[in-house]
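Side-chain atoms are counted along with the backbone in the values below, which use heavy atoms only and exclude waters and symmetry mates. In each ligand, atom 1 is the first atom listed, and ligand 1 is the first ligand listed.
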Amino acid sequence: MKALKLKMMAFLMVATMTTFGLAQDTELPNVKILATGGTIAGSASSATSGSYSAGQVGIQTMINAVPGIKEIADVSGEQVSNVGSQDMTVEIWLKLANRINELLASNEIDGIVITHGTDTQEETAYFLSLVVKSDKPVVTTGSMRSSTSISAEGPLNLYNAVAIAADPQAKEKGVMVSLNDQIHAARDVSKMNTTNVNSFQSPIKGMLGGVFYGRLGFFREPLTKFGNTSEFSVEGINELPRVDIVYAYADMSPDLIDMHVKAGAKGIVIAGVGNGNMTEATLNAAKKAYEDHGVIIVRSTRAATGWTLRDNEFKDDDYHTVVSGDLNPAKARILLMLALTKEKSLAELQDIFDEY
Ligand code: ASP
């Protein structure tokens with residue numbers, strides 16, 4: 001009799017835990033996948049052909065192609081665009097950022113994955129890292145091989161990205177980029193190779209963490225401002241000021257600067273030689289662009305890695321130039337576009353480049 005009573009009590013306790021606690025523990029995290037296109041959604045007429053069309057496959061087909069994905073998260077998909085990322089636009093960035101902020105403000109969503117072409121993935125990820133206002137994980141992913149290719153790596157990349165977005169360890173890391181079993185900080189990562197599956201690397205600061213069939217770990221924290229500590233947001237913004245990039249080379253002509261000013265650029269990033277250098281004539285044209293038109297010139301570098309530092313071979317103040325630190329030209333352009341949505345002095349702009 002006593003044993004029966006104990007058994008009943010144990011049963012009631014388990015039933016209560018299941019209703020009020022334990023059942024929640026077995027609930028899967030909710031991850032939303034926002035698809036934008038790219039090679040991960042690309043298809044070719046042959047599994048061994050390097051020629052394919054990006055942005056062909058819809059998000060539901062992509063989810064269905066990933067074995068086990070529904071066991072690690074409650075996933076649902078939304079098609080935001082379906083373009084090769086060479087055709088990514090500010091308009092799609094703003095749409096994505098607003099949708100992510102809306103989704104993450106809800107208790108229903110624990111994390112976001114964005115599928116994206118690899119060509120400009122680092123730009124989208126960095127832009128989002130500056131304007132997404134949430135500590136929940138946001139992960140971009142893609143693939144170097146199309147969905148119909150032999151050894152397509154897209155499904156495993158998507159599986160891993162969902163695992164990261166579903167994991168509380170990945171909170172407060174800013175926007176992450178994950179391909180090829182690696183997790184990178186949006187700010188630090190670059191596409192380093194045109195075709196290799198190991199294309200994404202963070203050459204200066206190294207990767208943030210690793211992921212192996214959904215098991216993940218982090219090695220370091222992101223080091224600059226992002227998310228809630230970023231002063232930038234997309235609220236009330238429908239477009240961004242025009243910022244162009246000018247690539248420097250031996251015997252570069254200064255009229256390139258004049259052409260961009262004439263076309264309406266409010267800022268110009270120089271992909272300079274070495275430590276952000278350009279011909280003396282171009283430097284003088286840059287000085288004039290600021291003095292006559294208020295165009296902000298940021299010196300970055302065409303070198304694959306390294307810092308662009310102030311006052312290296314001349315005084316930046318003499319030419320009104322700002323330096324990008326270790327931000328590459330494409331990311332320096334994004335930071336400048338956002339910075340130009342506010343009134344800033346040259347010194348304040350330099351502070352922004354030092355902090356973000
Ligand atoms: N051109 C493609 C894109 O960026 C390349 C890729 O996704 O790997 O959309």
Side-chain angles (χ1 to χ4, degrees), residues 33-63 65-66 77-97 99-100 112-129 138-162 164-165 175-184 186-203 207 211 245 271 304 328-331 333-334:
I33 305 176
L34 301 177
T36 68
T39 297
I40 193 168
S43 70
S45 54
S46 140
T48 51
S49 163
S51 315
Y52 63 93
S53 303
Q56 299 296 305
V57 179
I59 181 57
Q60 203 48 53
T61 311
M62 283 163 66
I63 293 173
V66 184
E78 247 177 64
Q79 198 78 44
V80 174
S81 63
N82 212 351
V83 296
S85 73
Q86 57 272 38
D87 285 320
M88 187 48 59
T89 61
V90 169
E91 194 184 336
I92 301 175
W93 283 349
L94 294 172
K95 185 172 161 191
L96 253 183
R99 184 67 181 130
I100 292 169
I112 302 270
V113 168
I114 299 147
T115 59
H116 196 290
T118 59
D119 288 352
T120 61
Q121 186 160 158
E122 67 199 82
E123 289 170 61
T124 299
Y126 182 54
F127 173 75
L128 293 175
S129 77
V138 177
V139 190
T140 73
T141 191
S143 71
M144 298 296 289
R145 296 180 183 140
S146 79
S147 71
T148 51
S149 161
I150 184 171
S151 293
E153 87 282 27
L156 182 54
N157 285 349
L158 184 53
Y159 182 88
N160 280 336
V162 167
I164 300 164
V175 174
M176 292 158 278
V177 174
S178 178
L179 291 93
N180 202 36
D181 293 357
Q182 299 175 358
I183 308 172
H184 295 270
R187 185 190 183 283
D188 303 327
V189 71
S190 282
K191 182 173 182 178
M192 303 286 284
N193 186 287
T194 51
T195 55
N196 201 303
V197 290
N198 195 27
S199 177
F200 282 77
Q201 293 168 35
S202 299
M207 52 180 157
V211 54
I245 299 173
N328 69 23
K331 289 183 190 171
R333 171 178 174 262
I334 288 165

| query | Got more than 12 heavy atoms from elsewhere within 6.0 Å of CD, Glu78? | reply | yes
| said: As a test of understanding, state which of Ile183, Val211, Thr140, Val138 forms a side chain to side chain contact (heavy atoms under 4.5 Å, CB included) with Met176. | reply: Ile183
Please tabulate, line by line, the atom pairs linking an N/O of ligand 1 to a protein N/O at a distance below 3.5 Å, with the distance in Å to 0.1, or answer 'none'.
from	atom 1	to	atom 2	distance (Å)
ligand 1	1 (N)	Gln86	OE1	2.9
ligand 1	1 (N)	Asp119	OD2	2.8
ligand 1	4 (O)	Ser85	N	3.4
ligand 1	4 (O)	Ser85	OG	2.5
ligand 1	4 (O)	Thr118	N	3.2
ligand 1	4 (O)	Asp119	N	3.0
ligand 1	4 (O)	Asp119	OD2	3.4
ligand 1	7 (O)	Thr39	N	3.0
ligand 1	7 (O)	Thr39	OG1	2.8
ligand 1	7 (O)	Thr118	N	2.8
ligand 1	8 (O)	Thr39	OG1	3.0
ligand 1	8 (O)	Thr118	OG1	2.5
ligand 1	8 (O)	Ser143	O	3.2
ligand 1	9 (O)	Ser85	N	2.6

| field | Ser202: which of His184, Arg187, Glu122 passes side-chain hydrogen bond (donor to acceptor under 3.5 Å, both in side chains) | value | His184
| request: Would you name the heavy atoms of Ser146 and Gly42 that are closest together and state the gap between them? | output: CB-O, 3.6 Å
| message | I'd like to know whether Thr36 forms a side-chain hydrogen bond (donor to acceptor under 3.5 Å, both in side chains) with Asn82, so could you lay out the CA-CA distance, the side-chain angles of the two residues, the decisive distance to 0.1 Å, and finally the verdict. | response | CA-CA 5 Å; Thr36 68; Asn82 212 351; over 6 Å; no
| message | For Arg333, give me all partners under salt bridge (Lys or Arg N to Asp or Glu O under 4.0 Å), at least two apart in sequence or on another chain. | response | none
